[in-house]
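In what follows, every heavy atom counts, from backbone to side chain, and hydrogens, waters and symmetry copies are set aside. In what follows, every chain begins at residue 1, and chains take the letters A, B, ... in the order their sequences are listed.
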Amino acid sequence: MARLFVFGIGGTGSRVIKSLTMLLASGMKPSNFDTIIPILIDPHKDLKELNECKKLIRLYSKLNERVYQDTTNVPDGFFRTKMTTLKSVATDKTLKDDIEFDERHNEPFGDFINKTGIRQKSPSTLDLLSLLYSDKNFSQPLSVGFKGNPHMGSMVLNSIIGGPAYNAFKSTFASGDRIFIVSSVFGGTGAAGFPLLLQNFRQSDNAHIRDSYIGALSVMPYFKLSEPGATSDIDSNDFMTKTKSALTYYTRPDFTSLYDSMYYIADPDKQTDPYTNDEHKQNNKAHIVELLGAFSIFHFAANKAQRGNVNEYCIGENNDKINFSTIGNTTKEALGHNLTALHLLSKLHPEVKEKASSLTFCKSNDFNSSFFNDTFFTDGENGFEKFFENYYKPWLAELNQNQRGFSPFDLTVQKSFNSLLKGKSNSSDKHLLDGIFRRPSDLSDLLTQVSLVATKKEIKQLNESQKFCQYLSMCFQGTESFINSKLKVKENA
Amino acid sequence: MPNYKLSVSQRNHDTTGWHNSTQFQLDDINNIRVLNARNDKSLNAIPSPLARIHLFEAAFSLVYQDELHGTNVSGDAYKKLVSDCFDVFELLFNWNNHIREGKDLKIVSWNRENETAILKKEFIEDREKKETELRRNQTENQSLNLTQIKGFKEHLVGETLNLFLQTGAFSLFNEVHIILLNNKPIAGTSPLTGFFTTPNDLGNINLINPIGKKSYFSRHLPFAQRDGKVKKFIYDFFVTHGINIFPDGLPIRNYLEHHANNIGNATLQLEPINSTENSIFNQIISLQSNSERGVFDYFENHLVKINYRLNEDCFYTATNLKKDRKHDYLLPLTPNFFADFELSDISSKVTINEKDSGVVEVSIRKGTQTLSKTYRAISVNEQDGFLIDLAGTHSMKLDLGIFPFLKINDDNDFNDFYRVMFVSQDNNYQFSNVDFKLNFGKDRNIIDPNAAVNYTIGREERTILEKDKTLVGSTYYSLNFCFDFIQVQLPQISETEINCMVVPKWVTKNLGNNQVDFAIDFGTTTTFVAYTDDPNHQTLPKKFELGDRQVPVALLNKSREKKPELRWIDCFEHSSVLPDFFEFFEVQKQEFVPSLLNADKYTLPFRTVVYEKNSIPSNQKKALSNSNIAFAYQKDYDNVTYLNQDYITNLKWNVRTDAKYKASIEVFIEELFHLLRIKTLLSDGNPRRSNISWFSPLSFTPGAQFTYNQIWGSKYSQVFKGNAENQLKNITESEAPFYYYSRIMADAGGAAGIEDTSSVMTLDIGGGTTDLMYFREATPVIGTSVHFGANVLWGDAYSEFSSEKFNGIYLAIKNIITDRLKSTELKALNEKFIKPESHFGSDEIINFWIWNNDKTGVVNELNNGDFKFSYILHLSALIYHSCKMLKFYNHPAPKCIVFTGNGSKYLDLIQTKDYIEKICGFFVRELFGKDTKNPQVILPSANRKEATCFGGLYQPFNAKRQFSAVNYLGFETPTDNFKKYSEIDLRKEQVYDSLENSFTEFINCFFKMNDSNDLSFRRNFGIESNLTALKSFILSKSRENLSTGYDKRRKLVDGGDEITDSLFFYPIVGLVYQVNKLTREQLNGFIPRTTYFALSPDGDDSFDVSRLSTDQKGDSIFSISVDNSNPDFGEITLIEDVSANKRAMAGINSFLKTVCEFDEFPDDVNQSIEVLNTGKVEKDKETGKWLIKQKIKIQFVS
């Protein structure tokens, strides 16, 4: 089966891949691609979000492995799509990192490119470089990234070409595989890495890479930073200036001919409270733009267009808080369903686990306390429950809190689901759930749906060794059934 | 529609979710609103190493949109980029100006293929090596980690650049051209916008745009507000020259088309850019630069203030609004100024306006424009220049002089010799001569001496400025062309080069038609020149001089105003003219040419002396560069330029002794000729028509004569450019005066004309020789020359060293004169001369004293009677020998004797003219008979040399030499004579005997003169010496002096040489020297005496004549010595020998007591007798006995 290589470059790359992981966890499938291979590129190795993202991917990867290890006949489900590391598919097993693509660099940019050596070998090249890079660029250490200087990145990141990870990627890439590159245009790393990768891919000596179908998400400004102080070089006032520069570059014919499908997204106006301007942390909340960016990967996986195709995103209403009713019709359908399912799972699992001893379908399937106490669920790092506690719930909360916010669920709702989904139906002023449920609906209704699917033949078939698969399939189909029967997420349904 | 696009631009948002859209268009991008970016440093948003290049394109695109739509959304940072790009074009437009300004601007080419190949080389080699290793280890499936390969980083840079430069518009060009300022890159070529600039801040580069007078890249200037020519320049670059490089639709093209109607049609004057790399974009565009000049072209960056006023008569100066000032400014003009202006424009178009203290504005009026530059002493703004107060701040002074100050308009042949004296001083001694440099401009350009074909510029440092040694530095430039301006380059006292201009306002003449002829008497001691502009030579010639209207030299400093109480020369070289830099004049006086050559100070005749730098090889001596005529010699003490320099005297006779003398003579004659040429040109003469007569003594050896012929001939051709064959004439020195005295009735000095020209003898007494010419019936018939000049009197005779100072006269008066000079400016000079180790001989020093008689009073001292004996002896020898020679050749007695020559001055010391006539008459009668009359004697007037030179000019120029040169030795007979020195050598004793006889005859004759009443030495001349003793002394020394003189001569000549000197004088040369050194006691030794010997007295304390003998006998004990001139008195003493002593002891009781006086008797008979005082005897007139008048005082000693 074909694989989708997703390159996440820089901070925005990590964030979008985080959202992508959430969507994959929800059971969304990138069309025919059964494997996603995320590759993170960021020289800023100490960045928290990079490391968080890496942990999340590992967590997902482990859950996916445990659940679907030997199972080919379960087509859908939470965590269904395989997410694996480059290292796991590479023949060269000496790769240092399983997810990251490049090596750590701490020296100043001038040392990185060896100015001294260049001066000796070709003084006029140094003259040229002095026209392209400022003295400040040369003295800037790479350990903190490119500080919004993608032109430095384009030189540094080119060093990954020919590095072990790139070699591994090159040797494993096969016919049918696709590439998707996630980056921002207004920062440093992503903006630099994207065109560089693109150009290298198109000049690769692996014909599969050279001729592959390549998509890219270019994230344009969607947040602000507080005014730069003495310690910061990044001024978000420049974001839009940079964006204009980048766009001018991206729209050049010789560039548009390099990609197949480009996804542009931005949200320049909605943020009123700027992010803290700390380039070391970039500890910012998850944002709907990242989520929609992750969603573009599914769009890409499902489509094939001519070279230079451009995609953009429209929401239904320009509100401070977006929910499924304003997110846009097609998205509501594709994303609302699964995300609601995942959300329901986050509520369902603790309930099932708590009441396992009293629930019939648990007893009949041996979902007992030892089952629920397996490290699969409880591992401190890669456990199923950690996924929700450490990643999903904070992520969702952040999306909700951010500006512009994404608030599909009423997060205060515990068991009564009548007001779980936010937003309004287009057809009526009533709540989404109104008109469908004749009576209030709650967690017990969900449990009922789960217990109904638990008896299904295909669930039953999953034997002892596929117990986690059985459990999650049961939950998945139960929530599916619940949503399909009780919730109305399809605009036209 | 409520839909909202999550985008930077709300375009067609009719579909929700991810949907197919269209590419962003420029309009869309432009419509993106931005907050103002603070600076363009964070504009490197484009993910390419070439981001900076793209950024410029983006900037043009956005600014264009703004201007098109009248919006203002592009932001200042982009506008600034557009402005900076245009600034690069302005820089190119002004490029050549900046190069001329001396800015370090360069264009280098970066070739992608070549340079990236270089960057990759090491990497590729190492990779191959590692791959081979992998294969060998059979681990082929393991990929190489490229980052571990040597040279990876440089390779990466090369690869990345390659990657990006091979796409899009860049792929069409293999080169990027880079503009460097001070070796730092500031801009490069871009196929997108023509040029782009470095991201580093260029706001404070030290480069001012002459158009806006602001530093380039320091501000934002929209295209529309730029100079019309610049707009046209930019437009042409893209639309005319670069149409195939910058296709339609490029933002820059759109931008320019938008402004196309406002470009205007300024006319551009362009020239190729001054750079080794000047073609860009595959050589499609040749870079050009404005060829018009502007402020920065014309003005230097420094204005140099000097501590004196400039000589406005001789140099073009700017108009200074401040009339009353004691300083001035050297012109701060670049050579470019002269490209666009006439030299004469300086005074009318350049103005100096002194504002506040330390602020001076200089402006140039160019058409209707006024270009100006402000110079400040402190806090100089970028566009301002530095005001350098050379003397005030830096303790530095400079001045210069130009010789000759004359330019011939219509005949460039005579503009072939110029000398510039440059004198500098640095009181801090940080800089020496070498740090000052002069460049010369002609025909609007600075001449590069190394590249010039027809122009030569020599440079010679003469006095070197050196701490604790010298006060100034002098450097001489020699040019073979008339220059238009001088660029003075000062030492590095500022960060950048300091240059200023000096522009001579030449005295110009057209070549005249007059014929100006000269006669030059190049003498042993002095040189004299006369000239006439009468081609027929009928009018009285004139003494050569260059007076106040014919100043040969132009000095940069203003001279003093002439006032009645001042001599002209004081207006030029008086220390008050340059009180802060008076040393300048000392250099001029010593090493260059005086401002005036006239009666004020530097008058003719001047000393035949060359002043020159030590250790210059003979073939490199160069007039007025490292050597020159020493006009100031013995006039002013040289206390400034003396280090490592010397005066070369005694030139004339040393022409063949040493190549260095010959070279010095050439320098002397060349410089003299240039002075004469100036005179000719200023007198509306044509040097090619000038006839020049030069004199030589008969006593020159043929070799010397030949060498002089050569020198005069070559210098004449070189300087006067006439035909030396026909226009240069050599005249015998002694011949010329005749023509003068036979022509005049009396001259201005009181000398009379010749009364009877039937038999005239001229005696030209020089320092070294005396030349004789005899005229019979106004025609020269015989001539001769003898080495018997006036220096015989003052010199050191046959001493081996010319620098010895033992001449009797000299020693006798040395202290008196030295005392007298102590209170004059000649004190130091005198002391330098008289130092035992100085290389000046006594003759040279006495000449110096005579030269400065007004201060030394030496003539009065030389009048001393004791010295007169030698003068009379000198004169007598000349007359005696001359008359003897005339007689030998069967000529009658001379009716007139003409004395000429500088050496004849000593005749004035003998007595009045009457006495000279009497002396001459005495010898004429002695040789031609008693009835012969005294001849007429003509003594020259004050300027003795005039007679020679004037006579030379009176003599018809094409007259042939008619006399026969003879050499009369003084003893030969018509049958027995000698032609060659070898002949004398063969019969030396015989010759000596004959000569001694001849000499004795002369001495007898000479002393006989004393016997005549009117020539008594004592009475008429005050000579007190014992003449008998003198005569005796002279005769006794004659042989010795003859021999010494002859031997000395023989060292100088070859045996086969013809005898060109009379041997007669040899005994006298040494004698004259010796006579003046004799002490009275020494002289007494030569009084003739008779000695008698006796055995014992004749009892009664007397000696009987009959018992005396004139021979000493075996038993003689006493001797009596009697002065022949006083025969009645004698001196008695004991004979000093052992047997006489023994015998006297034996007679102690018998006779010794009566003759001798002693206090004690001897202890024993073996004691010796010591005479303490001789005794005296007197002849008894009656008996004839010698009576003892005073006993001999003796004592006995063991």
Open item on the list: Restricting to non-hydrogen atoms, name the atom on B:Val8 and the atom on A:Pro268 that form the minimum distance, rounded to 0.1 Å.
Closed with: CA-CG, 4.3 Å
- [ ] Name the member of B:Asn111, B:Leu180, B:Thr22, B:Ile178 that forms the most heavy-atom pairs with chain A at distances under 4.5 Å.
- [x] B:Ile178
Task: Distance, nearest 0.5 Å, that separates OG1 of B:Thr16 from CD1 of A:Ile327 - done: 10.0 Å
Open item on the list: Is there a side-chain contact between B:Leu192 and A:Arg252 in this structure, where contact means two heavy atoms from C-beta onward sitting under 4.5 Å apart?
Closed with: yes
Open item on the list: With a 4.5 angstrom heavy-atom cut-off, is it the side chain or the backbone of A:Asn311 that approaches chain B, or both, or neither?
Closed with: both
Task: B:Glu154 and A:Arg119 ion-paired at < 4.0 Å - done: no
- [ ] Could you tell me which of B:Pro49, B:Ala169, B:Ala58 has the largest number of non-hydrogen atom pairs under 4.5 Å with chain A?
- [x] B:Pro49
- [ ] Start with the C-alpha gap between A:Tyr250 and B:Phe24, add the side-chain angles, then the distance that decides, and say whether ring-ring contact (aromatic ring centres under 6.0 Å, His included) holds.
- [x] CA-CA 9 Å; A:Tyr250 287 178; B:Phe24 281 93; 9.9 Å; no
Open item on the list: Could you tell me if the side chain of B:Leu156 sits less than 4.5 Å from the side chain of A:Phe112, heavy atoms only?
Closed with: yes
Open item on the list: Please classify the contact of A:Leu335 with chain B as side chain, backbone, both or neither, using a heavy-atom distance under 4.5 Å.
Closed with: neither
Task: Gap between atom CG of B:Asp28 and atom CG of A:Leu247 - 0.5 Å precision - done: 9.0 Å
- [ ] Look at B:Leu161, B:Asn114, B:Asn183, B:Ile53 and state which one has the largest set of heavy-atom pairs under 4.5 Å with chain A.
- [x] B:Leu161
Task: A:Gln203, part contacting chain B, at a heavy-atom distance under 4.5 Å - done: side chain
Open item on the list: On a heavy-atom basis, which atom in A:Gly293 and which in B:Trp18 lie closest, and how many Å separate them?
Closed with: CA-CZ2, 4.3 Å
Task: Student check: side-chain heavy atoms of B:Thr15 and A:Cys314 closer than 4.5 Å - done: no
Task: Heavy-atom pair of closest approach, residues B:Ala51 and A:His151 - done: CB-CB, 3.4 Å
Open item on the list: Below 4.5 Å, heavy-atom pairs only: which of A:Ser159, A:Gly308, A:Ala334 has the largest tally toward chain B?
Closed with: A:Ser159
Open item on the list: Measuring from atom CG of A:Asn158 to atom NE2 of B:His155, what distance do you get when rounded to the nearest 0.5 angstrom?
Closed with: 8.5 Å
- [ ] May I have the step-by-step check of side-chain contact (heavy atoms from CB on, under 4.5 Å) for A:Ile322 and B:Tyr4, ending in yes or no?
- [x] CA-CA 11 Å; A:Ile322 297 295; B:Tyr4 180 80; over 6 Å; no
TODO: Pick whichever of A:Val289, A:Ile265, A:Asp111, A:Thr330 has the most heavy-atom pairs under 4.5 Å with chain B.
DONE: A:Ile265
Open item on the list: Could you tell me if the side chain of A:Ile315 sits less than 4.5 Å from the side chain of B:Asn3, heavy atoms only?
Closed with: no
Task: Heavy-atom contact with chain B under 4.5 Å, split by part of A:Asn303 - done: neither
Open item on the list: Contact between A:Asp127 and B:Lys184 at the side-chain level, heavy atoms closer than 4.5 Å - yes or no?
Closed with: no
Open item on the list: Side chains of A:Thr251 and B:Gln23: any donor to acceptor distance under 3.5 Å?
Closed with: no
- [ ] Using non-hydrogen atoms and a 4.5 Å limit, figure out which bit of A:Met220 sits close to chain B: side chain, backbone, both or neither.
- [x] side chain
Open item on the list: Between B:Ser9, B:Ala187, B:Pro185, who has the most heavy-atom pairs with chain A when the cutoff is under 4.5 Å?
Closed with: B:Pro185
Open item on the list: Tell me the closest heavy-atom pair linking B:Ser7 and A:Glu312, and the distance in Å.
Closed with: OG-OE2, 3.0 Å
Open item on the list: Could you measure the distance from the CG atom of A:Leu132 to the OG atom of B:Ser48? Nearest 0.5 Å is fine.
Closed with: 8.0 Å
TODO: Give the minimum heavy-atom separation between A:Arg404 and B:Leu6, together with the two atoms involved.
DONE: NE-CD2, 4.1 Å
TODO: Compare every heavy atom of A:Ser124 with every heavy atom of B:Trp110, then report the nearest pair and how far apart it is.
DONE: CD1-OG, 3.2 Å
- [ ] Could you grab the distance from atom CD of A:Gln306 to atom CG of B:Asn20, nearest 0.5 Å is fine?
- [x] 10.0 Å
- [ ] Nearest 0.5 Å please: distance from the OG atom of A:Ser154 over to the CG atom of B:Leu163.
- [x] 9.0 Å
Open item on the list: Heavy-atom pairs under 4.5 Å with chain B - which of A:Ser183, A:Ser296, A:Gly328 has more of them than the others?
Closed with: A:Ser296
Open item on the list: Only pairs of heavy atoms separated by less than 4.5 Å count here; which of A:Asp254, A:Asn319, A:Thr125, A:Val310 has the most with chain B?
Closed with: A:Val310
Open item on the list: I'd like to check B:Ser21 versus A:Tyr264 (side-chain heavy atoms, cut-off strictly below 4.5 Å). Are they in contact?
Closed with: no
Task: Portion of A:Phe255 that has a non-hydrogen atom of chain B nearer than 4.5 angstrom - done: neither
Open item on the list: Does any backbone or side-chain atom of A:Phe194 lie under 4.5 Å from a heavy atom of chain B? Answer side chain, backbone, both or neither.
Closed with: neither
Open item on the list: Salt bridge or not between A:Lys121 and B:Glu115? Use side-chain N to carboxylate O under 4.0 Å.
Closed with: no
Open item on the list: A quick test of your reading: do over 12 heavy atoms of other residues, nucleotides or ligands sit less than 6.0 Å from NZ of B:Lys130?
Closed with: yes
- [ ] Report yes if the side chains of B:Phe164 and A:Gln199 come closer than 4.5 Å at any heavy-atom pair, otherwise no.
- [x] yes
Open item on the list: How about NZ on B:Lys121, more than 12 heavy atoms from neighbouring residues, nucleotides or ligands closer than 6.0 Å, or not?
Closed with: no
TODO: Report the residue from B:Val157, B:Leu119, B:Thr116 that forms a side chain to side chain contact (heavy atoms under 4.5 Å, CB included) with A:Ser122.
DONE: B:Leu119
- [ ] For residues B:Thr197 and A:Leu131, determine if any side-chain heavy atom of one lies less than 4.5 Å from a side-chain heavy atom of the other.
- [x] no
